Trainee: 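Sharing a structure below in structure tokens format, with a few things to ask.
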Amino acid sequence: MSHKIVVGYDGSDSSKAALAFATDLAKAQGGSIVVAHVLDWSPYSFLTPTELEERHKRRNEELERAEAAILTPAVEGLKVSGLEIETALKYGGIAATLGNIAKDSGADQIVIGRNGEPGLTSRVFGSVAISLAQGAPVPVTIVP
Amino acid sequence: MKNLYKPAALAAIALLVASAPAMAQSLDQTINEGFANATGWFVNFIFSPFPGTTFPWIVMWLVIAATIFTVYFGFIQFRAFPHSIALVKGDYSDPNDAGEVSHFQALATALSGTVGLGNIAGVAVAVGIGGPGATFWMILAGLMGMASKFTECTLGVKYRNEYEDGTVSGGPMYYMTKGFSERGLPAGKFMAILFSVFCILGALGGGNMFQANQAHAQITNVVGDYPGWITGIVFAGIVFAVIVGGLKSIASVTEKVVPFMGVLYVLTALVILIMNADMIGWALGEIFVGAFTGAGVAGGMVGALIQGFKRAAFSNEAGVGSAAIAHSAVKTKEPITEGFVSLLEPFIDTVVICTMTALVIIITGQLVSDPNTGLYLLDEGASTIQTVDGNKGVALTSAAFSSAIPFFKYILAVAVILFAFSTMISWSYYGLKAWTFLFGEGQAKELAFKVIFCIFVVIGASASLGPVIDFSDAAIFAMAVVNIVALYFLMPIVKGELDSYLSRLKSGEIKKFQ
């Protein structure tokens with residue numbers, strides 16, 4: 001059985017620690033890595049008419065920025081490991097979306113860091129760790 | 001030497017301070033008269049009676065349209081109600097579209113443009129002139145208006161413009177031009193231009209002056225009387241900061257607080273109704289009896305009906321075309337889904353919120369009736385019903401709520417200001433869309449409209465309620481004249497979308513994601 005590990009990654013130090021931990025684990029077990037970044041989003045938030053008009057445009061910009069600033073550097077850094085790397089970039093509630101990414105990619109565990117950076121799009125961790133521990137479809141490892 | 005001048009200077013300042021209110025009052029008066037004179041002809045035309053009757057043709061126009069859409073789409077507002085709610089909940093939304101505008105967001109934004117003073121002040125005007133019976137006609141108009149909203153918002157999404165940079169623009173201007181040329185009909189462009197002109201007037205009237213006017217009325221009601229232009233300048237300054245200065249924080253805070261205020265308003269109304277539970281039966285009786293007899297109000301049953309329909313249309317804007325602008329940014333492959341979602345708007349706005357206001361005014365006994373005959377007593381001018389403290393408009397609603405919960409007038413004042421503000425922001429956007437449709441996009445052109453918009457905030461706060469409400473109604477109804485003509489020509493397209501969607505929903509081709 002090949003092991004696939006989803007890593008919640010937002011570029012913060014703790015998420016880097018999580019990624020390093022997962023990389024070692026994958027090397028030891030002969031598995032692969034899914035570097036996952038979730039942009040915090042609720043479909044039940046309130047926006048102004050101008051925000052509605054520009055939403056599609058902003059979404060594209062946000063996705064491009066996350067890809068360029070967060071996921072690409074992470075994947076570049078992992079190249080030396082020789083592991084098989086995938087990425088996932090999604091909008092949604094962070095814990096639930098990480099769980100869905102694990103389910104959809106057929107991963108058998110999730111690794112996250114304990115303290116993420118505060119901020120709108122990088123709030124990947126914090127209480128996310130607790131929600132994930134409670135609701136994740138696969139085992140979760142929290143790296144301090 | 002210096003000391004000699006001191007008393008004289010002080011006296012001069014004192015004189016100036018003392019005369020300021022008088023000067024200010026006359027400034028308000030000048031603005032008021034000038035405004036009434038300038039707009040009178042337009043108002044008279046829109047509200048002229050149908051030949052041989054006392055019934056304004058415009059009200060008949062809206063009623064007939066809502067009835068035709070209701071029948072043509074087979075009472076869609078009732079059939080599709082559960083499906084509409086499922087759509088808003090996101091049951092049919094593709095998770096891969098997360099991050100795009102959801103049905104909920106489009107509805108919430110459109111609602112914050114319509115839920116406003118129409119629900120608080122407008123209803124008080126309706127009940128104050130048409131009596132409790134106006135409520136019945138208002139609810140009926142709200143229910144029928146759901147079909148009008150369904151039609152226009154489906155078209156708004158179907159014919160929106162999607163630009164290369166990812167932004168979208170939609171609204172009646174676009175379905176008039178694109179829809180008409182698709183069907184090979186003439187005059188689409190002409191109608192779009194006419195609609196845009198009225199939309200700009202509507203944005204300045206109901207979407208601006210009426211809001212500023214009633215916000216000022218509400219503030220003076222709490223802190224005491226002072227000249228309207230002061231409120232006007234403060235409001236204009238904040239609106240300017242948001243729409244010109246791009247101060248998004250104010251707009252987004254308002255956008256988040258307004259729904260909360262709306263819920264608080266309805267809950268408070270419910271508490272007052274529960275406190276007076278024994279009166280609810282009586283109030284409903286007044287509404288039904290008044291609807292068909294008039295119970296002594298000016299114009300009798302027809303008077304009640306006209307007021308009910310007028311204020312419903314003004315509040316939920318069904319058939320006016322404004323909602324088609326707001327709803328068109330949603331992410332969906334099926335334009336009809338936004339039609340379904342939008343039909344909830346008149347329901348929430350009119351059937352729920354407006355009815356709450358009317359019931360609270362009736363139940364707290366604000367309207368004075370003759371104890372012997374049960375008929376309502378009229379003011380000296382014989383056009384409005386006497387109220388306990390002589391209040392009208394938003395002050396009447398405030399008095400009704402405060403009579404049950406005294407401190408609520410402060411909460412209401414805050415709610416009114418926020419509602420007024422969010423409605424202004426929405427309408428500045430609608431007006432701007434119409435403006436750029438006419439004159440093209442460009443910073444200088446857009447700035448010109450925004451500055452005009454802010455000037456009208458000051459005029460609206462300074463003028464008195466009568467001329468402002470007349471002009472606001474007239475401008476908004478003028479939009480409906482053009483828009484509904486377009487809807488008649490384009491409704492077969494909506495019908496085609498509806499039939500196709502419903503058959504695919506039934507066959508299971510359109511599936512739930514959750």
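No experiment lies behind these values; they were computed from the predicted model shown. In the text below, chain A, chain B and the rest are named by the order of the sequence lines, each starting its count at 1.
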Trainee: Are A/R58 and A/E61 within salt-bridge range, i.e. N to O under 4.0 Å?
Mentor: yes
Trainee: Where along residues 430-448 of chain B does a heavy atom come under 4.5 Å of chain A, listed by residue number?
Mentor: B/K433
Trainee: Starting at CD1 of B/I325, measure out to OH of B/Y174 and round the result to the nearest 0.5 Å.
Mentor: 9.0 Å
Trainee: Looking only at side-chain N and O atoms, does B/H327 offer a donor or acceptor that is under 3.5 Å from a partner on B/E345?
Mentor: yes
Trainee: For the pair B/Q211 (side chain) and B/G206 (backbone), establish whether a donor and an acceptor sit closer than 3.5 Å, ignoring hydrogens and angles.
Mentor: yes
Trainee: Verify whether one side chain among A/K90 and A/N100 offers a donor that lies under 3.5 Å from an acceptor in the other.
Mentor: no
Trainee: If the threshold is 4.0 Å, N to carboxylate O, is there a salt bridge linking A/E86 and A/K4?
Mentor: yes
Trainee: Counting only non-hydrogen atoms closer than 4.5 Å, does B/N96 touch chain A with its backbone (N, CA, C, O), its side chain (CB onward), both, or neither?
Mentor: both
Trainee: Out of A/R55, A/R59, A/H56, return the one with the most heavy atom pairs under 4.5 angstrom to chain B.
Mentor: A/R59
Trainee: Between CD of A/E53 and OG of B/S328, what distance do you get to the nearest 0.5 Å?
Mentor: 8.5 Å
Trainee: For chain A, which residues from residues 101-108 of chain B lie under 4.5 Å away (heavy-atom distances)?
Mentor: B/V101, B/S102, B/F104, B/Q105, B/A106, B/A108
Trainee: Could you tell me whether the side chains of B/E317 and B/S322 share a donor-acceptor contact shorter than 3.5 Å?
Mentor: yes
Trainee: Quick check on the interface: out of B/T109, B/V88, B/V168, B/T167, who has the most heavy-atom pairs with chain A under 4.5 Å?
Mentor: B/T109
Trainee: Salt bridge (Lys or Arg N to Asp or Glu O under 4.0 Å) between A/R65 and A/E67: does it pass, once the steps are laid out?
Mentor: CA-CA 5 Å; A/R65 209 178 327 152; A/E67 187 77 48; over 6 Å; no
Trainee: Which atom pair, heavy atoms only, marks the closest approach of A/D40 to A/G93?
Mentor: OD1-CA, 4.3 Å
Trainee: Which region of A/S42, side chain (C-beta onward) or backbone (N, CA, C, O), has a non-hydrogen atom less than 4.5 Å from a non-hydrogen atom of chain B, or is it both or neither?
Mentor: backbone
Trainee: Tell me the closest heavy-atom pair linking A/S81 and A/T23, and the distance in Å.
Mentor: CB-CG2, 4.0 Å
